[in-house]
Amino acid sequence: MTATSVRGIDHIGVTVPDLETATLFLARAFGAEVLYDTLRRQDGPNGGRDVEQRLGVPAGTQQLAIRMLALPGGGPGIELCEFEGPRREPPALPCDFGWQHVALYADDLDAAVRDCVAAGASLLAEAQPLPGPEAGEHNRFAYLRTPWGSTLQLLTYPDPQPWQRTTPRRSTRPAGTGTWPTDPARPDPA
């Protein structure tokens, strides 16, 4: 096996039908903050052969606006992209090929679900216990649909998970601490 210089997820790109509506949802639901606009609407659109080749999109596709947001507590950024062009497919469902959902950790799952629903998401089913190797008395998850139709998972696992006892690879979050890796109260594992 060879070593790699990849250190983790930098950002997650999400194509949305309206950049401002998606920004408002993420700000209301999660307290996301706008970091910068890579492509402001008034400076676009950005299209042509270079964009088509670089992104692997059909001829005639144009980037209208691109914005980077950050969630409180760190983690990967969320890059929102708005396009127009000859092809517009509905959002991927969990049964489709490809990257099909984003999972966000929440210290208070019920509050996070309420915030998402209040911001315009639809709860698909009530929160459920995490199963099998992720189980723990307070470990739960819920799936929602964003206002633009993408699948979002919220989860919490404050209790140790069984998989952590059976593998040499450990979670980056110390089992049973109730803290997320970016929590300033998290003890240094070293």
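Sequence positions, counted from 1, serve as the residue numbers for this chain. Because the structure is a prediction, the values reported are computed rather than measured.
Note: the hydrophobic cluster containing L155 does not contain V113 (ILVMFWY, side chain heavy atoms under 4.5 Å, direct or indirect links). Under a hydrophobic-cluster definition in which Ile, Leu, Val, Met, Phe, Trp and Tyr are linked whenever side-chain heavy atoms come within less than 4.5 Å, directly or via other members, I78 and V102 are assigned to the same cluster. No continuous path of ILVMFWY side-chain contacts below 4.5 Å connects L80 to W99, so the two sit in separate hydrophobic clusters. Placement of L93 and F141 in two distinct hydrophobic clusters is found when ILVMFWY residues are connected by side-chain heavy-atom separations under 4.5 Å, directly or transitively. Hydrophobic clustering (side-chain heavy atoms under 4.5 Å, transitive across Ile, Leu, Val, Met, Phe, Trp, Tyr) keeps V117 apart from L24.
Scanning both residues, A142 and A125, for their nearest heavy atoms gives CB-O, 4.3 Å. Of all the heavy atoms in T151 and A92, the pair that sits closest is OG1-O, 4.0 Å. For P147 against G120, the heavy-atom pair with the smallest separation is CG-O, 3.6 Å. Taking all atoms of both residues into account, the shortest heavy-atom contact from P94 to R145 is CD-NH1, 4.4 Å. The shortest heavy-atom contact between R88 and P17 is NH2-CA, 3.6 Å. Of all heavy-atom pairs between C116 and L144, the closest is CB-CD2, 3.8 Å.
With respect to E126 and R140, no salt bridge is recorded, no charged nitrogen being found less than 4.0 Å from a carboxylate O. Taking a cutoff of 4.0 Å between a charged side-chain nitrogen and a carboxylate oxygen, R40 and D43 qualify as a salt bridge.
For R28, the side chain to side chain donor-acceptor pair (under 3.5 Å) criterion is met by no residue, not counting sequence neighbours.
Side-chain atoms of P86 and T61, non-hydrogen and from C-beta on, do get closer than 4.5 Å to each other.
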What's the verdict on ring-ring contact (aromatic ring centres under 6.0 Å, His included) for Y105 and Y157, showing C-alpha distance, side-chain angles and the deciding distance? CA-CA 8 Å; Y105 187 89; Y157 41 89; 4.8 Å; yes
Determine, stepwise, if the pair M68 / V34 fulfils side-chain contact (heavy atoms from CB on, under 4.5 Å). CA-CA 6 Å; M68 185 67 74; V34 174; over 6 Å; no
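The distance from atom OG of S150 to atom CZ of F25, rounded to the nearest 0.5 Å, is 9.5 Å. Atom CG of L124 and atom CG of L152 lie 9.5 Å apart (nearest 0.5 Å). Annotation: the span from L109 atom CG to L104 atom CG amounts to 11.0 Å, rounded to 0.5 Å. A distance of 5.0 Å separates CD in Q62 from CD in E84, rounded to the nearest 0.5 Å. For the atom pair I66 CD1 and T15 OG1, the distance stands at 9.0 Å (nearest 0.5 Å). Remark: N139 CG to E134 CD distance equals 8.5 Å, nearest 0.5 Å.
Other residues sharing a hydrophobic cluster with V51 under the 4.5 Å side-chain heavy-atom criterion for ILVMFWY residues are L55, V57, F83. L64 belongs to no multi-residue hydrophobic cluster, having no ILVMFWY side-chain contact under 4.5 Å with any other such residue.
Side-chain contact of T23 with R67: a donor-acceptor pair under 3.5 Å is present, judged by distance alone.
More than 12 heavy atoms of other shown residues, nucleotides or ligands fall within 6.0 angstrom of atom CZ in R54.
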